[in-house]
Amino acid sequence: MPATTPRILIAGAGIGGLCCALALMRRGFHVTVLEQAPQLGEVGAGFQVSANGSRCLADLGLGDELPQIATEAAGKQVRLWSTGQTWKLFDLGAESVQKYGFPYYLIYRADLHALMERHVRQGQPDAIRLGARAVGFVQDVEGVEVELENGERVRGDILIGADGVHSRIRRAMFGPSDAQFTGCVAWRGLVPREKLPSHLHANVGTNWIGPGAHVIHYPLRNGELVNFVGIVERSDWQVESWTERGSVDECLHDFRHWHDDVQCLIQGIQQPYKWALLSRQPMETWTVGRATLLGDACHSTLPFLAQGAVMALEDGIVLARCLAAHADDLAAGLMRYQALRLERTSRIVLGSAANAARFHNPLLADATEASRYVDREWNEERVRERYEWLFSYDATAVDVGGSQPARTTA
Ligand SMILES: Cc1cc2nc3c(=O)[nH]c(=O)nc-3n(C[C@H](O)[C@H](O)[C@H](O)COP(=O)(O)OP(=O)(O)OC[C@H]3O[C@@H](n4cnc5c(N)ncnc54)[C@H](O)[C@@H]3O)c2cc1C
C-alpha cells in the first residue's frame with residue numbers, strides 16, 4: 001500500500017457497491033460510497049445466490065451470519081404451465097457445498113443489504129453517504145472528482161460506478177446506452193406462506209415454463225415468504241424500475257390460462273411490482289483511466305440465469321483484489337479487473353438472453369410435445385453445460401497479477 005491510503009469513491013450502495021466497499025476496506029482502502037437514496041430500504045424482494053456468489057459473501061467475512069438470513073435451497077425443479085407436470089432439475093443443499101464448496105442461498109434482498117451495510121459501517125463509520133446523487137465526474141492524472149446533484153464535488157483516487165442499470169457514471173464515460181426493450185415484463189412479489197397450500201411450501205426453486213412466459217418461485221426467510229417472479233411477453237409496459245407498482249388482477253390476467261398453483265401464488269401476492277426487461281449488448285470496455293464500472297452499470301442482464309447480483313458480487317471481489325495487488329498503479333489494477341471480467345460477464349448476458357427462447361418456447365403449448373422438449377433441453381448433460389461453469393467460478397482465486405498482498409481480515 002502507498003504511504004497515503006488510497007481513497008476510493010463508489011457511486012451506488014446496491015449489492016455490488018456494498019460488496020466492493022467491504023472488500024476494499026478489508027484490504028486497507030479508504031472508501032466513500034455515494035448513494036442517491038435518502039435511506040437504504042427494501043427494494044427488489046428476493047434473489048438466488050448460487051455457490052459462486054456465496055463464496056464471495058464468505059470472502060467478505062459474512063459466512064457465519066448468512067445462515068441466519070438465508071434459506072439453503074434443497075434443489076431446483078421445472079414445471080409445465082398447463083398440467084403442472086414436474087421434472088427434478090438438480091439437487092442443491094449438501095450437493096452444492098460438496099461440489100462447489102459453498103451453499104446455494106435464497107435471500108431476501110433487504111436482509112443481505114442490511115447485513116452488508118452494518119459491516120461497512122462497523123469497518124468505517126463514515127463510509128456511506130446517503131442522499132448523494134452522482135451526476136457526473138471529471139478526472140486528471142492525480143485523481144477523480146465526482147459531481148453531486150447539489151453541486152458538491154467529492155475527490156478521490158479512483159471512481160467505481162456501481163449505480164445500476166441507469167448508471168450516470170456510465171453515461172458520463174460513454175454517453176447514453178443502447179438499451180432495447182425485450183418485449184418482456186417481469187412481475188415480482190412476495191407471498192406469505194400461510195396463503196399457500198402445503199405442497200407449495202417446498203424448499204426448492206421452481207421454474208414454470210410455458211409458451212410466451214415463465215414463472216420462478218422459491219422460499220425466503222426460512223419459508224415464511226415465497227418470492228414470486230413471473231416473466232411474460234407483452235409490449236405495453238416499458239418502464240425499467242424496482243418500484244413501479246402493478247395490481248394482482250393485472251398479473252392474474254397475464255397468467256390467466258396457467259395452472260392453479262400459479263394462480264394461487266399470484267392471488268397471495270401482497271403488492272406486485274412490474275419491471276420492463278431491457279437488454280443491452282455486452283460492452284467492449286468499461287474502464288477509462290481512473291474510473292470503472294461494476295454490476296448492472298456495465299453488464300445488466302435478463303434475469304434468466306439468476307446471475308445479475310452474483311456477477312456484481314464477483315466484480316466487487318475481483319476489483320478489490322486487483323486494486324490491492326496493483327496499489328502502486330491503481331489504473332493498471334482497473335484494467336486488470338476489466339480484462340478478468342469482460343468475457344465471463346458477456347457470456348452470462350448472452351446466455352441469459354438465450355434462455356428466454358428456451359423458457360418461452362411455443363412447443364410448450366402442447367403437453368406431449370412439451371414433455372419431449374423438456375427431456376431434451378433439461379437433460380443432465382445440457383443442464384451441466386449451462387450451469388457448471390457459472391457455479392464453479394472462484395472470484396477469490398482468479399489471477400489478479402501484481403504483488404497480491406495478504407488481505408486484511410474482517
Ligand atoms: C425480476 C428480477 C429478478 C432477479 N433475480 C436475480 C437472482 O435471482 N439472482 C441474481 O443474482 N440477480 C437477480 N437479479 C438481478 C439483480 O437484482 C441485479 O443484477 C443487481 O441488483 C445489480 O446490483 P447492482 O449493485 O449492480 O445495482 P443495483 O442493485 O441497481 O444498485 C444500484 C445502486 O445505485 C444507486 N444509484 C443509482 N443511481 C445513482 C446515482 N446517480 N448516484 C448515486 N447512487 C445511485 C441506487 O439507488 C442503488 O442503490 C434479478 C433482477 C430482476 C429484475
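Atoms within each ligand, like the ligands themselves, are counted from 1 in listed order.
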Do any nitrogen or oxygen atoms of [X] lie less than 3.5 angstrom from nitrogen or oxygen atoms of ligand 1?
X	answer
Ala11	no
Glu35	yes
Ala186	no

Atom indices of ligand 1, in the order listed, that fall short of 4.0 Å to a heavy atom of [X]:
X	value
Ile15	25 (O)
Gly16	25 (O)
Arg168	41 (N)
Gly295	26 (O)
Asp296	18 (C), 19 (O), 20 (C), 22 (C), 26 (O)
Leu34	43 (C), 44 (N)
Ala306	7 (C), 8 (O), 9 (N), 10 (C), 11 (O)
Gln307	10 (C), 11 (O)

Using a 4.0 Å heavy-atom cut-off, say whether [X] meets ligand 1 through its side chain, its backbone, both or neither.
X	answer
Leu40	neither
Ala132	backbone
Met311	neither
Ala162	backbone
Ala309	both
Phe47	both

- Item | Asn150 atom CG, over 12 foreign heavy atoms within 6.0 Å |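 Enclosed: over 12 neighbouring heavy atoms sit under 6.0 Å from CG of Asn150.
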- Message: Counting the benzene-type ring for Trp, do Trp81 and His259 have ring centres under 6.0 Å apart?
- Response: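 Ring-ring flag for Trp81/His259: false, centres at least 6.0 Å apart.
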- Query: Using 30° and 60° as the class limits, which term best fits the ring planes of Trp258 and Trp208: parallel, tilted or perpendicular?
  - Reply: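 Rings of Trp258 and Trp208: tilted, 30 to 60°.
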- Message: Over 60° means perpendicular and under 30° means parallel, so tell me whether Phe304 and His360 are parallel, tilted or perpendicular.
- Response: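 Tilted: the ring planes of Phe304 and His360 meet at 30° to 60°.
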So, the side chain of [X] versus the backbone of [Y]: is there a donor-acceptor pair under 3.5 Å, distance only?
X	Y	value
His119	Leu22	no
Arg27	Ala23	yes
Tyr393	Gly53	no

- Carboxylate-amine/guanidinium contact Glu377 Arg382, below 4.0 Å: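 Arg382 and Glu377: salt-bridged.
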- Message: Taking Arg336 first and then Asp399, would you say they form a salt bridge - that is, a charged N and a carboxylate O separated by under 4.0 Å?
- Response: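 So Arg336 pairs with Asp399 through a salt bridge.
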- Nearest candidate to atom 45 (C) of ligand 1, where distance is taken over non-hydrogen atoms, out of Gln36, Arg109, Arg133, Glu149: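 Comparing heavy atoms across Gln36, Arg109, Arg133, Glu149, the nearest one to atom 45 (C) of ligand 1 lies in Gln36.
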- Item | From the candidates Ala134, Gly46, Gly164, Gly14, the one that places a heavy atom nearest atom 27 (O) of ligand 1 |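 Closest candidate by heavy-atom distance is Gly164.
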- Message: Could you tell me if Gln338 and Thr287 have a donor-acceptor pair between their side chains, going purely by distance under 3.5 Å?
- Response: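 The criterion, which ignores hydrogens and geometry beyond distance, is satisfied for Gln338 and Thr287.
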- Query: Can you tell which of Asn227, Val226, Val204 makes a side-chain contact (heavy atoms from CB on, under 4.5 Å) with His217?
  - Reply: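 Single side-chain contact (heavy atoms from CB on, under 4.5 Å) partner of His217 among Asn227, Val226, Val204: Val226.
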- Is there a salt bridge (Lys or Arg N to Asp or Glu O under 4.0 Å) between Arg79 and Asp261 once you walk through the steps? CA-CA 11 Å; Arg79 295 190 71 185; Asp261 284 352; 2.9 Å; yes
